[in-house]
Amino acid sequence: MPNQTLLQLLTARVQDALAAAGCADAPAIVQPAGRPEHGDYQANGVMAAAKARKLNPRALAQTVVEHLQLDGIVSRVEIAGPGFINMTIAPDFLAQWMGRALDDSHLAVPRVSGDGVQCVVIDYSSPNLAKEMHVGHLRSTVIGDALARVLRFVGHRVIAQNHVGDWGTQFGMLTASMDDAVGETAAEETAVMALADLEDFYRQAKKRFDEDPAFANRARDYVVKLQGGDARVQALWQRFLDISMQHCEEIYRKLGVGLTLADVHGESAYNDDLPVVVADLETQGLAVTSDGAKVVFLDEFASKDGTPAAYIVQKQDGGYLYATTDLAALRYRSGTLKGDRLLYVVDARQKLHFQQLFALGRKAGYVPSRMQLEHIGFGVVLGDDGKPFKTRSGDTVKLAELLAEATQRAYDLVTAKNPELPEAERREVAQVVGIGAIKYFDLAKNRSTDYVFDWASMLSFEGNTAPYLQYAYTRIQSVLRRAGDWDQRSAVSLAEPAERDLALQLARFADAVLAVAQDALPNYLCAYLYELAAALMRFYEACPVLNASGEVRSSRLQLCRLTAQTLRTGLGLLGIDVLETM
Ligand code: ARG
């Protein structure tokens, strides 16, 4: 069998037929059919091809179908409407496909090879280390992690970049406060204790900064010292970062996100490069001095009255900005990391910043033209009131507290559902279900939209949720356990419509995964898994498994086994675990 997905196979065959009909340059455009009466897949390319050539579209469709080589692949081909070609996959072909997927630890998902392998650099999570991670960092962390997993699975080389905010004027006030709290000789525990509540520490430092001019002056002095390389202030800063980073690592561990210290490449890593970048932009004639600041004027982002957008790379006081650091980072990811595709999983509100960054990066020659630059924007997590999610007292919601609440709520749910399960097991189930629920609820939404954070929906065992899919998985596992001994090399045969539908859905796994890799939209995979679980439920209803006998029984067990593997692998690609029992 070719190293292709089902959709790629059909597309290639329709493309060949179009070529044979004299329309080699017309795209075939094959898609899963939207309705059962349209078969399983529909080719839509004939109409445009006919129009461009002033041919009758139905007549052209007829010619294409005559050239279509789909023997053994489809059971039915039909021309519909103005020239759609509807195709229904043959049960025997699907049955063979099942056998192939069952034999393959990669579940028949093709791996890229040779020139197809890209180095994908993904900027994700990237919290500001001055404060504790809050709900605003959930999406970047979870979406970025899912994309990293999917791209690696498909065969790309992924380099994670945690572009943490570890530089800037706030660190003056924070290191000055730290100095007061722990002093020079203070033991490590004292520092850890002082920063146990990072949010609180930040708030108090800020309050002092705003209210006490002497402290504000000291804070400013600490900034200068920090930037000037003063060993003591740098040591305080480093200690602050270490502790703040430990908070992040704790969150990553709880979330099951693979980021490690090795992936951290924060803003401060680019400090030495910032003057170099600004000087280079000046030499190239891109940056000019305007009101004492160094600015690149971008005509392509001009306002309505024709004023070009100003991309400031150095302030009047000589300080550098977020935008300067991002230019240096872009150059590093391109020149040093040799990325072919750079993804920035960052709040959609930074859209303009990234548009300008990418435009300037190309202009300045920091990225070759073939390199893909993508801002993977996402919407805001909202509360019931439709405003950004806050605690009842109006504070930002700490991620650590949110995760703890998820686990607690899941624990109460499991305890109500299954009180006789031993305590330790209930704790474990709660962990997997609670964390899975939060992550899946986020990933299942199209990332570009805002969503309302809603405990009841995300923890529901019905609908497109993690608990529903995790439960579908445990249900199959229980069937497989009860099946006793059977031959796991048995052939699959598909006689019942519900069997065929489940098999078709299983065969579509590879296309769902590749679509996520291409468009960086994890919700495609969620929608796929939800449909798979629905197909499984219809199959259970229509087709007895354990009470069937002979080859029918083993074939159905094989379908169950592949469905379980696909659910586990698919959820795994989203960073979500499954359980054998729950
Ligand atoms: N630290 C920034 C924030 O919290 C996000 C950084 C995103 N990455 C980047 N290269 N700009 O908003």
Side-chain angles (χ1 to χ4, degrees), residues 120-145 147-148 158-171 174 198-199 202 237 240-241 244-245 247-249 251-252 255 257 259 263-271 273-274 277 311-313 320-337 339 341-362 364 366-367 371-381 388-389 396-400 447-448 450 520:
V120 188
V121 180
I122 315 183
D123 180 326
Y124 67 104
S125 194
S126 306
N128 185 348
L129 294 185
K131 297 187 184 183
E132 221 165 294
M133 284 181 82
H134 57 81
V135 63
H137 299 112
L138 177 69
R139 305 207 71 185
S140 176
T141 307
V142 166
I143 296 169
D145 182 60
L147 295 178
V158 170
I159 303 181
Q161 290 283 279
N162 197 352
H163 189 87
V164 296
D166 59 358
W167 199 248
T169 48
Q170 315 114 301
F171 287 97
L174 293 169
L198 216 54
E199 208 60 34
Y202 182 92
W237 169 72
F240 183 94
L241 293 183
S244 181
M245 211 43 234
H247 286 257
C248 296
E249 287 191 275
I251 300 271
Y252 297 150
L255 272 176
V257 159
L259 282 171
D263 304 314
V264 174
H265 206 87
E267 294 183 6
S268 67
Y270 300 100
N271 281 349
D273 209 26
L274 302 179
V277 168
Y311 191 97
I312 306 173
V313 290
Y320 300 100
L321 303 102
Y322 183 67
T324 327
T325 308
D326 254 332
L327 264 179
L330 180 62
R331 217 167 64 128
Y332 170 76
R333 291 170 193 180
S334 165
T336 306
L337 298 181
R341 183 182 182 194
L342 310 190
L343 305 182
Y344 291 79
V345 188
V346 186
D347 195 317
R349 289 170 291 189
Q350 294 191 30
K351 181 173 174 191
L352 186 61
H353 163 69
F354 285 105
Q355 283 177 338
Q356 297 185 342
L357 171 70
F358 296 164
L360 180 52
R362 294 210 189 269
Y366 297 161
V367 282
M371 194 162 100
Q372 294 166 252
L373 299 173
E374 295 165 53
H375 171 209
I376 308 304
F378 52 80
V380 183
V381 181
F389 192 34
T396 47
V397 179
K398 289 182 188 175
L399 210 38
R447 60 174 160 76
S448 53
D450 298 346

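Just so you know, ligand 1 is whichever comes first in the structure, and atom 1 is the first atom listed for that ligand. Values in this document were obtained by computation on a predicted structure and should not be read as measured data.
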### Close N or O approach (Tyr344, ligand 1; < 3.5 Å)
no
So the atoms of ligand 1 within less than 4.0 Å of a heavy atom of Val346 turn out to be 7 (C), 8 (N)
In terms of heavy-atom contacts, Lys131 and Ser244 come closest through O-OG, 4.2 Å
Legend entry - 4.5 Å side-chain heavy-atom contact, Leu373 and Arg362: yes
Among non-hydrogen protein atoms, atom 9 (C) of ligand 1 lies closest to Asp123 OD2, 3.4 Å
Quick note on ligand 1: atoms under 4.0 Å from a heavy atom of Phe354 include exactly 11 (N)
* No-hydrogen, no-angle side-chain donor-acceptor test under 3.5 Å, Tyr252 and Ser125 -> yes
Side-chain donor-acceptor pair under 3.5 Å between His265 and Asn162, yes or no?
-> no
among protein heavy atoms, the one nearest atom 1 (N) of ligand 1 is Ser126 O, 2.9 Å
query: Backbone or side chain, does any N or O of Tyr322 fall under 3.5 Å from an N or O of ligand 1?
result: yes
Closest non-hydrogen atoms of Gly165 and Phe171, given as atom of the first, atom of the second and distance, are O-CZ, 3.7 Å
Is the closest N or O pair between Asp326 and ligand 1 shorter than 3.5 Å? yes
Testing the 3.5 Å rule here: is there a donor-acceptor pair between the side chains of Tyr322 and Gln350? yes
Handout entry: Heavy atom of Gln350, distance to ligand 1 below 4.0 Å
Key = yes
